[in-house]
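Note sheet for the following structure.
Below, all heavy atoms of this structure are taken into account, side chains as well, without hydrogens, waters or symmetry copies.
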Amino acid sequence: MRDHRRARRLVVGDTLWWWSVRHDHHPPACREKLSLRRDGTSATLRLVFPGGPGRIIADGLSPGGTVGGGSLVLNLHRPGVARRFLDAALAEGLMPTARGATEHDGWALFDTFAAAVQPWEI
């Protein structure tokens with residue numbers, strides 16, 4: 001079985017990116033986190049998806065990496081989904097340049113993603 005917690009490679013043009021998905025317990029809700037980092041830097045963007053009303057995340061009943069709302073449910077472990085979130089983060093200018101990790105609300109990008117994508121495109 002593949003260890004999805006390890007960073008995975010994603011090549012976009014001539015740039016190598018590393019990405020990973022984790023689940024954590026951050027009271028008052030559990031969260032799914034998609035981490036994105038350009039190769040050769042330590043600046044990491046963490047897109048955080050806390051559970052809550054109208055928001056679906058992995059909860060023991062659904063597979064790890066699941067995030068959803070409305071009629072769209074995504075699996076953050078899919079490279080195509082990670083790539084779309086990377087593209088959206090780059091377009092929004094969210095990628096940090098300073099060392100360390102920067103957290104951003106992933107639901108804002110999810111809503112943009114959901115408005116722009118057809119379910120069969122994922």
Problem set entry | V73 vs T66 side-chain heavy atoms within contact, under 4.5 Å | yes

Exercise. Is a salt bridge present between R55 and D105, judged by a nitrogen-to-oxygen distance below 4.0 Å?
Worked result: no

Seminar exercise, completed: Distance col, row S20:OG vs L34:CG, nearest 0.5 angstrom, shows 7.5 Å

Exercise. Judged by atom type as modelled, is there a donor-acceptor pair below 3.5 Å linking the side chain of E32 to the main-chain atoms of G65?
Worked result: yes

Exercise. So which pairs with a foot in residues 34-46 pass salt bridge (Lys or Arg N to Asp or Glu O under 4.0 Å), sequence neighbours left out?
Worked result: none

For this session: Rounded to the nearest 0.5 Å, what's the gap from CG on L94 to CZ on F85? Could you check?
Result: 12.0 Å

Exercise. Heavy atoms, side chains only, cut-off 4.5 Å: are L86 and V12 in contact?
Worked result: yes

Exercise. At their closest point, which heavy atom of F110 faces which heavy atom of L74, and how far apart are they?
Worked result: CE1-CD1, 3.6 Å

For this session: Indicate, with yes or no, if L109 and V48 share a hydrophobic cluster defined by side-chain heavy-atom contacts under 4.5 Å among Ile, Leu, Val, Met, Phe, Trp and Tyr.
Result: no

Exercise. Can you check whether K33 reaches L47 side chain to side chain, under 4.5 Å on heavy atoms?
Worked result: no

For this session: Side-chain contact test, heavy atoms from C-beta onward, threshold under 4.5 Å: evaluate it for S35 versus R22 and give yes or no.
Result: no

Seminar exercise, completed: Correct closest heavy-atom pair for A98 and A43 would be O-CB, 3.0 Å

For this session: Tell me whether W18 is reachable from L45 by hopping between hydrophobic residues (I, L, V, M, F, W, Y) whose side-chain heavy atoms are closer than 4.5 Å.
Result: no

Exercise. Atom CG of L36 and atom OG1 of T44: how far apart are they, to the nearest 0.5 Å?
Worked result: 8.5 Å

For this session: Mark yes or no for whether W19, through its side chain, and P79, through its backbone, hold a donor-acceptor pair below 3.5 Å.
Result: no

For this session: Among residues two or more places apart or on two chains, list those pairs meeting salt bridge (Lys or Arg N to Asp or Glu O under 4.0 Å) that have a residue in residues 85-104.
Result: R31-E103, R83-D87

